[in-house]
Number of protein chains: 2
Amino acid sequence: MTKLTNTSDQILHCARSLIIAGGYNGFSYADIAEVVGIRKASIHHHFPSKVDLVRTLLVTYREEAEAGIAELQRHHPAPVDQLRAYTGYWAACIGDPTNAFCVCALLATQIPVLPPEIVSEVRAHFRTLSTWLTAVLEHGARQGSLALSGTTQSEAEGFMAAVHGAMLSARAYGDADVFRVITEPLIDRLVAVHP
Amino acid sequence: MTKLTNTSDQILHCARSLIIAGGYNGFSYADIAEVVGIRKASIHHHFPSKVDLVRTLLVTYREEAEAGIAELQRHHPAPVDQLRAYTGYWAACIGDPTNAFCVCALLATQIPVLPPEIVSEVRAHFRTLSTWLTAVLEHGARQGSLALSGTTQSEAEGFMAAVHGAMLSARAYGDADVFRVITEPLIDRLVAVHP
DNA sequence: GGCAACCTACCTTCTAGTAGGATGATCGTC
DNA sequence: GACGATCATCCTACTAGAAGGTAGGTTGCC
């Protein structure tokens, strides 16, 4: 239970929102300073460079994501419910502008201009997510609750890509509902047709 | 047949590549000046402001996209083939770093920090694409060559989102093959199972 | 005393954008 | 065909502000 008044946490939280809005080059130390109510130089005390700040932010984000997945798996034993919980989590986020995109997905779009330390964290998140989804689909297929068309890996990559694309469309249209419209059929299709 | 040595075309072409790499805030007039072999001030002669430059670039991009779709429809009468031609076009682009992403899809990720004139162009492109895909799916469903699960609109949005997500994954993994792995099953699934 | 947290003041480099001048092609006019 | 005027294109030189980052000092807690 980290206290919310912790300055470095405030900086990280603020930076995350700003990245979600405009990516790596879309925010500055000055922007954070204004929101947190601190001077630019003080941010450098907590995070010497911008790369340090964003890398720390991503490490935290990945930990939270893994914890979230673990939590989600404890609450939902059935693979279908795990998938629904995952897309449901994001459906809830889309409405909140400061949380309407996966930080790693957004940064991934800018990979060619990102510092290498950031790229490796982003890439690692994609692998984590894809590995987890593969396991969930694999589980569902084994127990017969999910019907896969191609390989488990390709289905997992397709699912992840569709979710990210749904976030993008929701942002493009400025309409949160689009996310649900796209992701719900995604799961319905996987649910095995039982006679 | 516009001549390739046209300076303003060179500027637009260069800016497009730079946006594809890093988005709206990921490039500067200085970057373009260096590539085109011209001074910064000369770019301002052709495009007074950055917004002018990017808006012009998007208008051109959208025209090219619409022309490409028209061409594609002339060459491929069958809806399935139109979808394959569309994903095939992007599959070919993914390999080339300067063309590995849809400009509008990339800019859409940064909508919250984009000038409104840019946002409306990006949004318009999404609507154009979605409208076209809806028509193609509708056509295929009517003639029985495509099997849709939900509404035509939701299938179209899902298809577009999956393609955009596939571009993102290809970039995240740094692996062009991922795009094909994700998009090919997408079309296979739509092809009606004929007994 | 030592140290974390914060400050003011400053640096360099980059940002989009401007002012105004040089060059050269195209133009109607004689 | 020669004439000057106009205009597009490009230049040098500059601006104000924002970028990330640094130096060094003050405060207050353990």
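Each chain gets a letter, A, B and so on, in the order the sequences are listed, and its residues count up from 1. Quick note: numbers below take in every heavy atom, side chains included, and nothing from hydrogens, waters or symmetry partners.
Set against C:dA4, D:dC11, C:dC7, the side chain of A:H45 has C:dA4 as its closest nucleotide.
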I need a per-nucleotide contact map over nucleotides 20-26 of chain D, read 5' to 3'. Cutoff is protein heavy atoms under 4.0 Å; write B for the base, S for backbone only, - otherwise.
BBBB---
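Rounded to a whole Å, the CG atom of B:D31 is 17 Å from the P atom of D:dA19. Computed from coordinates, the A:I43 CD1 to C:dT8 C1' distance equals 15 Å when rounded to whole Å. Going from atom CG of B:N6 over to atom P of D:dA8 covers 15 Å, rounded to whole Å. Atom CD1 in B:I38 sits roughly 16 Å away from atom P in D:dA8 (whole-Å rounding). If you measure from atom NE2 of B:H46 to atom C1' of C:dA16, you get 17 Å, rounded to the nearest angstrom.
Aromatic rings from B:H164 and B:F159 are positioned such that their centres are separated by 6.0 Å or more.
Using modelled atom types, one side-chain atom of B:Y29 and one backbone atom of B:K50 make a donor-acceptor pair closer than 3.5 Å. A donor-acceptor distance shorter than 3.5 angstrom exists from the side chain of A:S17 to the backbone of A:H13, with no hydrogens or angles considered.
For D:dT9, neither phosphate oxygen OP1 nor OP2 lies less than 4.0 angstrom from any side-chain nitrogen or oxygen of B:S42. Contact annotation: A:T7 does not reach the phosphate of C:dA5 (side-chain N/O to OP1 or OP2, under 4.0 Å).
Using a 30° and 60° split on the angle between ring planes, B:H125 and B:Y61 fall in the tilted class, from 30° to 60°.
Of the charged side-chain nitrogens involved, at least one lies within less than 4.0 Å of a carboxylate oxygen, so that B:E121 and B:R62 count as a salt-bridged pair.
Atoms CG and OG, from A:L190 and A:S145 in turn, are 10.0 Å apart once rounded to the nearest 0.5 Å.
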